[in-house]
2 protein chains.
Amino acid sequence: MKFEEAKSKFIQTWGALGSQWGINKTMAQIHALLMISPDPLSMEDIMEELHISRGNTSMNLRSLMDWGIVFKEYKPGERKEFFSAEGNIDELARKIARERSRREIKPTLRVLQDISTIDGEESTKAAHFKAKTEELYDFVSRADNMLEKITEQKENWITKTILKLMR
Amino acid sequence: MKFEEAKSKFIQTWGALGSQWGINKTMAQIHALLMISPDPLSMEDIMEELHISRGNTSMNLRSLMDWGIVFKEYKPGERKEFFSAEGNIDELARKIARERSRREIKPTLRVLQDISTIDGEESTKAAHFKAKTEELYDFVSRADNMLEKITEQKENWITKTILKLMR
DNA sequence: TAAATGTTTCAAAATATTTTGAAAGTTCAA
DNA sequence: TTGAACTTTCAAAATATTTTGAAACATTTA
């Protein structure tokens, strides 16, 4: 396979993976492009490579920066802004995991806790509901905890975790 | 909070969580409904509870069954089909993890492997690309492996994993 | 075999999400 | 200040996804 073909394939694949995990395709593609670029890219560069509009590029770059996985850089003498992706994959995954926990898991836990405190009612349905939501709360909070434990290991957390699991 | 209110809140929340993780909202809602129902429900029941069409219900039930987390049941004497959700949450999470690995991670790994074997090219860009995609392949396959290790533990895999991590 | 009961399919409609592009905003050098 | 270079915003347009509903299909009963 030639470089250009491989590059395009990578960007497409990363974009598709993003969609499947609830991340805007273009956002994932920009991230892919920045990941494989040895140097920071300008907005123009990104627009041109991916054939997307200025507005689209701007908005998705902002999102990526909100996630903490893309950074703005300034080149001396250049007026333009340049962008680069988090280079350390361990750190990338850690940030994504933490961000998703903060944005999605934690709020869900709050709701689960809230609704399992239904009052009055003592029907079978209500009892079953209470049991299930409590069980779910318990599971999700344990899972969230586990992820926290795993990602708080400094370097090579995947390898370290596998080792601990094998013992 | 009253039962009906809590129930509706749960279904909405589960649906929203689903969307954020790339799962059709209605599919997640049907699953939520079945989870908290002490008894299997018919298509009619589901349509009525969620105010959705027959076709929608049918398609999403099929998807849920494809994921292996909802089952068809027959009640003696009844012509209708009934549906119930996987009751064990550990098992539910295990199935989701495995299915996502099979459908999304594995194919991505294949592409990553494929594209990191670019030929000819010895530019800096190509070298960086090769290094990055190899690193990514390595990371993703380790993560996939870790998940496999974690979920293959029979019961209480979350708890067991946390214990191992704390040692 | 026909009718009744129930499920699936899928094209069209509805809805939701993403993308565009031009105007407004910002920054900076002269 | 002014204006050139660049970025952001956001309403409207394009696109993608989901949902509907009725016809086709399947299965059981009379």
Side-chain angles (χ1 to χ4, degrees), chain A residues 11-34 39-67 70-84 103-104, chain B residues 11-34 39-67 70-84 103-104:
Chain A
I11 292 172
Q12 299 318 311
T13 304
W14 211 240
L17 192 67
S19 316
Q20 285 166 325
W21 288 80
I23 283 145
N24 173 319
K25 188 189 68 179
T26 302
M27 185 170 153
Q29 288 183 335
I30 294 178
H31 182 250
L33 178 60
L34 292 177
D39 308 298
L41 300 180
S42 70
M43 234 166 81
E44 300 281 349
D45 295 335
I46 298 169
M47 287 166 59
E48 202 172 308
E49 280 272 10
L50 304 180
H51 302 95
I52 56 176
S53 73
R54 190 173 294 284
N56 198 1
T57 309
S58 171
M59 286 178 121
N60 283 114
L61 277 171
R62 157 179 292 287
S63 292
L64 285 164
M65 290 187 293
D66 288 348
W67 276 76
V70 159
F71 314 105
K72 205 179 258 192
E73 295 193 9
Y74 297 96
K75 283 195 190 176
E78 289 259 34
R79 184 87 163 268
K80 259 187 292 214
E81 297 173 336
F82 289 80
F83 301 89
S84 64
R103 298 182 190 203
E104 297 150 16
Chain B
I11 291 172
Q12 298 320 309
T13 303
W14 211 239
L17 192 67
S19 315
Q20 285 166 325
W21 289 80
I23 283 144
N24 174 318
K25 188 189 68 180
T26 303
M27 185 169 151
Q29 289 184 336
I30 293 178
H31 182 249
L33 178 61
L34 291 176
D39 308 299
L41 299 180
S42 70
M43 236 165 80
E44 300 282 349
D45 295 334
I46 298 169
M47 289 166 57
E48 200 172 310
E49 281 273 8
L50 304 180
H51 301 97
I52 56 177
S53 72
R54 189 174 295 282
N56 197 2
T57 309
S58 170
M59 286 176 122
N60 283 114
L61 277 172
R62 157 178 292 285
S63 292
L64 286 163
M65 289 187 293
D66 287 348
W67 276 76
V70 159
F71 313 105
K72 205 179 259 191
E73 295 193 8
Y74 298 97
K75 284 195 188 173
E78 289 260 32
R79 183 91 162 263
K80 261 188 289 211
E81 298 172 337
F82 289 81
F83 301 88
S84 64
R103 297 184 190 202
E104 297 150 16

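Just the heavy atoms: all of them, side chains too, but no hydrogens, waters or symmetry mates, feed the values below. In what follows, chains carry the letters A, B, and so on, assigned in the order in which the sequence lines appear, proteins first and then strands, with residues in each chain numbered from 1.
- Contact between the side-chain N/O atoms of A:Thr26 and the OP1/OP2 oxygens of C:dT19 is found at a separation under 4.0 Å.
- Taking atom CD1 on B:Ile30 and atom C1' on D:dT18, their separation rounds to 12 Å, with Å as the unit.
- C:dG21 atom P lies 12 Å from atom CD1 of A:Ile52, rounded to whole Å.
- The separation between B:Asp45 atom CG and C:dT7 atom P is 11 Å, rounded to whole Å.
- The nearest whole Å value for the distance from the CG atom in B:Leu61 to the P atom in C:dT9 is 12 Å.
- Applying the 4.0 Å criterion to OP1 and OP2 of C:dT19, one finds that A:Asn24 has a side-chain N or O inside that range.
- Rounded to a whole Å, the CZ atom of B:Arg62 is 16 Å from the P atom of D:dC25.
- Separation of atoms CE (B:Met43) and CG (B:Asn56) is listed at 10.0 Å; rounding is to 0.5 Å.
- Of all nucleotides listed (D:dT20, D:dT9, C:dT20), D:dT9 comes nearest to the side chain of A:Ser58.
- In this structure, the side chain of A:Thr57 engages the main chain of A:Ser53 through a donor-acceptor pair within 3.5 Å.
- Out of C:dT19, C:dC10, C:dG6, the shortest distance to the side chain of A:Ser53 is found at C:dT19.
- At a threshold of 4.0 angstrom between heavy atoms, the contacts of A:Arg54 include nucleobase atoms, whether or not backbone atoms are also involved.
- When each of C:dT8, D:dT7, D:dT19 is scored by its nearest atom to the side-chain atoms of A:Met43, the top-ranked nucleotide is D:dT7.
- Looking at which nucleotide of DNA chain D each of A:Met59 and A:Lys25 is closest to, the 5′-most match is held by A:Met59.
- In this model, the phosphate group of D:dC6 is not approached by any side-chain N or O of A:Lys72 to a distance below 4.0 Å at OP1 or OP2.
- Rounded to an integer number of Å, the gap from CD of B:Glu44 to P of D:dG21 is 14 Å.
- Separating the NZ atom of A:Lys75 from the C1' atom of D:dA5 is a distance of 17 Å, rounded to the nearest angstrom.
- No more than 12 heavy-atom neighbours from other residues, nucleotides or ligands sit within 6.0 angstrom of CD on A:Glu48.
- Proximity of A:Asn60 to the phosphate of C:dT18: no side-chain N or O atom is located under 4.0 Å from OP1 or OP2.
- When the C1' atom of D:dT7 is taken as reference, atom CG of A:Asn56 falls 14 Å away, rounded to whole Å.
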Run the side-chain contact (heavy atoms from CB on, under 4.5 Å) check on B:Leu41 and B:Phe83 step by step: do they pass? CA-CA 5 Å; B:Leu41 299 180; B:Phe83 301 88; 5.7 Å; no

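- With hydrogens and angles ignored, a donor-acceptor pair under 3.5 angstrom links the side chain of A:Arg79 to the base of C:dT27.
- A donor-acceptor pair under 3.5 Å links the side-chain atoms of A:Asp45 to the main chain of A:Ser42, judged by distance alone.
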